[in-house]
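Encoded as structure tokens, the structure appears first; notes follow it.
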Protein chains: 2
Amino acid sequence: MRNLRCLASCLVLALAAACFSSAAWAQISQPDTLTRLMPLPAKVVERPGVLELHPNFSYAFTGDAGPRLQHAAQRLVASMEQRTGIQMAHEPAIGSATLTIAVPAVSAPEAVPQPNPQPNMDESYTLDIDSAHIVLTARTDIGALRGLETLLQLVGPVGSGYALPAAHIEDAPRFAWRGLMIDSGRHFEPLPVILRTLDAMASVKLNVFHWHLTEDQGFRIESKTFPELHQKGSGGQFYTQDQVREVIAYASDRGIRVVPEFDVPGHTQSWLVGHPELGSAPGPFALDPIFGISDDALDPSRESTFEFLDKFFAEMAALFPDPYLHAGGDESNGKEWRANPAIAAFMQQHGFKTTEELQTYFSQRVVKILAAHHKQMVGWDEILSPGLPAEAVIQSWRGTQYLSDAARQGHLAILSKPWYLDHPRSSAEIFAADPLPADTTLTVEQQKLILGGEACMWGEHVTPATIDSRIWPRAAVVAERLWSPATDRDVDSMYRRLATETLRLEYEGLMHLSGPVRVERLLAGSAEIHPLEIFVATLQPVDFHVRSQQQHPNTLTVFDRLVDAARPDPALRHELPPLVDAAIAGDAAARAQLRTLFQSWLDAAPAVEKLEANSPILQEAHIHIAAWPQLATLGLDALHALDRKTPQPAAWLDAQTTTLHDAVAPQELVDFVVLAPLQKLAEAAASAH
Amino acid sequence: MRNLRCLASCLVLALAAACFSSAAWAQISQPDTLTRLMPLPAKVVERPGVLELHPNFSYAFTGDAGPRLQHAAQRLVASMEQRTGIQMAHEPAIGSATLTIAVPAVSAPEAVPQPNPQPNMDESYTLDIDSAHIVLTARTDIGALRGLETLLQLVGPVGSGYALPAAHIEDAPRFAWRGLMIDSGRHFEPLPVILRTLDAMASVKLNVFHWHLTEDQGFRIESKTFPELHQKGSGGQFYTQDQVREVIAYASDRGIRVVPEFDVPGHTQSWLVGHPELGSAPGPFALDPIFGISDDALDPSRESTFEFLDKFFAEMAALFPDPYLHAGGDESNGKEWRANPAIAAFMQQHGFKTTEELQTYFSQRVVKILAAHHKQMVGWDEILSPGLPAEAVIQSWRGTQYLSDAARQGHLAILSKPWYLDHPRSSAEIFAADPLPADTTLTVEQQKLILGGEACMWGEHVTPATIDSRIWPRAAVVAERLWSPATDRDVDSMYRRLATETLRLEYEGLMHLSGPVRVERLLAGSAEIHPLEIFVATLQPVDFHVRSQQQHPNTLTVFDRLVDAARPDPALRHELPPLVDAAIAGDAAARAQLRTLFQSWLDAAPAVEKLEANSPILQEAHIHIAAWPQLATLGLDALHALDRKTPQPAAWLDAQTTTLHDAVAPQELVDFVVLAPLQKLAEAAASAH
């Protein structure tokens with residue numbers, strides 16, 4: 001169980017590492033094929049020619065395709081139809097076909113499709129496309145699924161039709177655990193959100209859905225053993241066990257594992273509403289809409305707590321087929337433990353000097369309970385301590401050092417540190433992180449313990465209307481980091497491919513592009529929202545902590561505000577700096593592009609001011625709205641100075657610096673992403689010659 | 001049962017008719033109040049002042065509010081919060097409050113909330129708003145619901161905040177049956193579509209959801225009595241009875257009745273797949289993706305057919321609480337009846353000379369079966385015949401004469417004739433129709449038989465992704481025609497209010513605005529879709545019959561095409577003609593507005609041409625894309641001529657007429673809506689002086 005990366009993956013990886021370096025990618029690839037792929041495959045050899053798509057496109061299986069692969073092939077056809085408008089056969093052909101999907105015959109043991117994806121699933125595949133045929137070969141149905149996603153990404157316009165480029169692709173993931181966590185506790189996310197997220201995960205080959213099901217603000221899953229948990233702890237917003245089974249089946253159909261999380265001993269306020277006897281404080285307990293670190297925690301000094309957990313985990317272990325189960329363990333501050341005389345006495349009796357030691361005792365018990373129900377425990381990195389049983393898996397979120405520490409102490413480990421999607425981190429920063437960076441000090445054996453990583457979507461500031469634009473497209477960057485070779489480091493290539501993939505994800509059912517526009521339309525109170533869209537494109541949400549401190553949002557807060565329409569990592573954030581650099585360096589095309597951009601701001605500004613006057617809710621961004629045309633003028637003036645090769649006076653630069661300084665207004669919950677490059681442009685204009 | 005319009009409605013109506021004429025509306029109303037209301041209330045008296053919304057807004061009940069009204073009040077608060085960003089109390093206040101919702105105490109018999117809305121429900125209410133308080137008074141919880149919707153519509157921006165205008169409103173519907181039909185048979189519409197449609201219906205006070213559940217292409221409801229109906233007849237796309245109960249409860253919570261339709265004896269191909277013994281032809285039968293009038297029909301000559309229907313209707317009658325049940329009866333062509341010797345013999349034996357007479361016999365039997373299960377039958381107007389039992393209700397779709405004929409023959413009747421939403425009819429045309437036009441030749445007694453009407457959304461050309469933009473906002477115009485006084489005839493006022501309401505409906509959860517944008521983004525294959533949006537705003541879908549003949553769409557056709565992004569009745573269709581008239585008459589502002597419009601076309605055209613080159617699916621509209629900049633130039637040249645007071649030469653007008661003629665290309669499935677006013681403008685330019 002320790003080395004979950006399959007042999008095939010390692011072989012292809014070794015090959016990939018031997019053949020390709022970051023520079024080599026550019027040589028073997030032409031934009032046609034590679035600009036459409038995310039994550040990048042381990043090996044791509046482009047060939048001349050294309051396979052044109054026509055109504056006579058057909059597919060057939062060799063070997064024994066189970067229902068999972070049959071469903072995936074039908075989804076492929078439906079997606080290609082939607083993309084191209086070409087109507088094709090939905091059922092497999094008998095005999096030869098355009099696309100042959102080759103999986104082993106049933107005599108081979110790996111041919112029997114697993115009822116649920118396993119942690120050691122073989123996801124490798126090869127894809128051969130020439131002008132007439134496609135052959136997809138895989139050792140398992142899930143490998144074939146991954147290949148079908150690659151195939152779908154390759155469909156694009158060619159002349160007056162649609163086609164796939166001829167190519168030979170050999171592919172397998174670098175890491176076996178490639179996850180996305182969704183927190184359904186703080187804000188409940190209805191089933192359609194979960195299902196479309198699973199579709200998008202499959203598109204970018206993520207394979208673990210980590211479902212954070214219990215939080216202080218809500219116990220989101222039906223328990224038949226202890227029905228008061230969800231009845232009293234959810235405000236009516238929970239998943240029935242039938243719905244959970246539907247999610248597991250839907251995920252399984254897409255080759256995705258479902259790892260549930262029941263966070264203990266902290267973050268358990270919602271448990272205590274129905275079961276106050278589990279608490280470390282006397283209670284009574286009520287659902288608290290305020291997010292944060294609650295003092296409430298389960299009482300580890302009573303045997304009855306573990307008897308309860310044993311029964312509860314027994315029920316959940318039977319519901320969730322995955323061999324892993326996440327038991328949280330984060331942010332338990334120990335306050336109530338210290339305040340409770342019985343718990344203090346228990347600590348003394350067992351020789352625990354700190355509440356951390358008490359939590360280790362708690363973890364030991366939970367590991368044992370889960371093992372009895374055939375589950376291996378995953379926990380947040382706070383549980384890492386010398387006394388922690390070796391079989392506990394560590395999810396590192398506070399810092400990458402915890403990942404290495406876990407591996408050094410013999411634990412399997414997964415990385416989430418810079419991948420918290422509730423922070424507006426750039427895709428570049430997300431892309432740069434790596435569970436196994438080139439300079440790792442881990443031994444080869446320790447490296448084998450690093451399973452992969454997970455992007456995490458915490459729920460404080462997201463609702464069903466906004467969650468897509470927070471998760472996507474950045475989770476696709478995490479997916480690429482975890483799937484593609486370690487040598488895949490070209491940030492520009494990543495952004496180019498992300499621009500394609502982000503459109504395709506909306507095609508496949510996400511609402512990360514249309515959702516913010518919807519909010520913009522509501523904010524504008526007008527059908528004419530184009531000026532507002534231009535404005536919002538210059539903004540991003542403030543950091544998670546800033547918003548928490550400025551707005552104090554809770555579960556009842558309305559989240560359809562300008563900050564919710566603003567995208568984390570908007571395109572301008574990474575597109576503007578190189579444009580400004582090129583403009584300063586004298587590139588006429590860059591200057592023209594910037595002039596068009598700044599002029600579009602100036603043209604749109606009066607309309608946005610008018611919207612603000614008619615839609616008071618927009619006044620939350622008054623400083624930004626007022627500063628925007630000044631930024632546009634700054635840019636145009638600076639370009640003019642550069643063109644004339646005549647420096648702007650020092651007073652002008654002072655005034656611009658003040659303008660840029662005043663445009664920082666974090667109390668408005670949004671930040672301009674254009675200020676630094678504008679400052680650079682202004683400085684260049686002040687020394688133009 | 002005959003006069004379903006409540007007394008209160010008639011009283012208020014009489015008052016309204018006495019007090020207001022079309023012209024009088026303008027006198028008593030200022031834009032602030034009335035531009036926000038759709039449908040128009042029976043009586044509105046505006047008062048000076050506004051009630052400002054603050055976080056301390058509260059509501060309380062007097063009398064006995066049941067769960068339906070409590071839920072509605074909570075939804076009101078949530079909607080106001082979303083609209084204003086102001087967080088308010090969700091629970092009712094004890095004692096005095098900003099909003100008092102007064103319903104009768106339980107001692108009054110009408111105070112007991114009905115478990116389900118009844119056809120004779122009292123929907124009247126009065127609303128009094130001053131600068132400090134709102135009092136909503138109603139005789140039933142459903143009346144209060146209607147008042148809450150009016151109240152919500154009144155919320156708007158005032159200065160730097162949000163407020164409601166002070167006013168006195170007395171309101172009640174003109175017609176008791178105000179429906180929307182959705183065809184879930186030809187394209188299945190998943191539950192979220194149905195639920196958000198019910199929300200929107202409640203927003204505009206529609207009160208009957210007519211659910212067309214069986215069609216040739218699909219049997220969409222679970223039958224426990226005859227499970228092969230949905231198992232073999234739906235391709236897996238059907239509503240479970242649990243889901244149906246959820247829809248009924250959701251509708252009931254919003255004061256909406258659910259009238260199910262099981263269309264017999266024609267349109268029953270899907271029934272016959274699992275039960276071929278019901279058919280008039282020997283079978284076997286299969287689901288046919290091709291829409292149209294199938295020859296298949298139930299066999300009325302066998303007693304076993306009626307025994308089957310008796311058991312099936314018994315099951316459905318128990319599931320659906322409404323006293324009405326729709327049994328279809330449309331488009332049964334009689335071909336298989338004539339071709340079947342046993343049926344021919346049966347006809348001869350009973351003396352039926354035509355298949356119409358045989359269908360009347362069939363209707364008589366169905367009426368009787370339904371009556372035994374306490375349901376009154378509704379049917380499409382084909383069933384109207386001398387032998388039809390009086391209790392059958394006629395839904396007129398082929399022509400308004402069938403509505404009058406039905407009433408003259410003593411049947412209750414509802415109008416759907418010009419309200420088929422699958423045709424791109426204008427809101428003006430929809431608004432002009434009336435179940436009881438001023439020139440009706442019906443007697444007063446016959447007029448009482450006219451219950452109201454229904455907008456109908458047939459399913460051939462709509463999918464879950466496009467259905468919202470086909471139904472809305474035009475169904476709101478039907479809602480106004482059926483609710484508001486007969487004197488409400490001001491088309492300009494309707495369009496102004498519709499522009500507000502259409503935004504608000506998207507706020508409330510519809511996707512009629514964002515859905516088409518989503519399709520545009522997919523078609524463009526680019527994030528930069530503004531030019532395409534400008535182009536699409538000049539188009540509407542071709543008529544239903546034209547599309548059917550040109551494209552031959554079936555259930556497997558992909559429906560995310562340009563024609564699906566184009567809105568029926570786009571704003572330009574009604575906004576352009578008066579602008580052109582004003583420009584010709586010399587109005588400088590109108591000319592400036594038109595110049596900006598035409599210039600925006602010219603500016604956007606190259607980008608659309610580029611999108612077309614990169615997105616072959618857009619080539620379906622090549623003629624339109626190529627013609628568009630010529631139309632822009634025509635407009636600009638014409639304006640120039642008018643400004644100079646110099647006529648364009650005759651050759652120019654000839655060329656423009658050719659351009660306009662060539663821009664008609666119905667094989668492309670879209671039509672320009674701007675051609676007629678442009679022709680007028682060109683002609684004016686040719687005679688400018």
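Note on naming: letters A, B, ... go to the chains in the order of the sequence lines (proteins, then strands), and numbering restarts at 1 for each one.
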TODO: Report the C-alpha distance between B:Val517 and A:Arg521 in whole Å, list the side-chain angles of each, state the deciding distance to 0.1 Å, and finish with yes or no for side-chain contact (heavy atoms from CB on, under 4.5 Å).
DONE: CA-CA 12 Å; B:Val517 177; A:Arg521 193 178 291 107; 3.8 Å; yes
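- At a 4.5 Å heavy-atom cutoff, the contact between A:Ala613 and chain B is made by backbone atoms alone.
- In terms of non-hydrogen atom pairs under 4.5 Å with chain B, the most contact-rich of A:Thr84, A:Leu522, A:Val558 is A:Leu522.
- Within the 4.5 angstrom heavy-atom criterion, atoms from both the backbone and the side chain of A:Ser514 approach chain B.
- Considering only heavy atoms from C-beta on, A:Pro616 comes within 4.5 Å of B:Pro157 through its side chain.
- If you tally non-hydrogen atom pairs under 4.5 Å between each of A:Gln82, A:His90, A:His530 and chain B, the highest count goes to A:His530.
- In this structure, chain B has heavy atoms under 4.5 Å from both the backbone and the side chain of A:Thr557.
- Per-residue heavy-atom pair counts under 4.5 Å with chain A were compared for B:Ala571, B:Gly159, B:Ala527, B:Ser526, and the maximum is reached by B:Ser526.
- Side-chain contact between B:Ile617 and A:Tyr162 is present, with heavy atoms from C-beta onward closer than 4.5 Å.
- To the nearest 0.5 Å, atom OG of residue A:Ser160 and atom CD of residue B:Glu612 are 10.5 Å apart.
- Contacts of A:Gln619 with chain B are made by side-chain atoms alone, with heavy-atom separations under 4.5 Å and no backbone atom involved.
- Highest contact tally toward chain A, considering only B:Leu523, B:Leu513, B:Asn614, is held by B:Leu513 [criterion: heavy-atom pairs under 4.5 Å].
- Proximity to chain A involves both the backbone and the side chain of B:Glu506, based on heavy atoms less than 4.5 angstrom apart.
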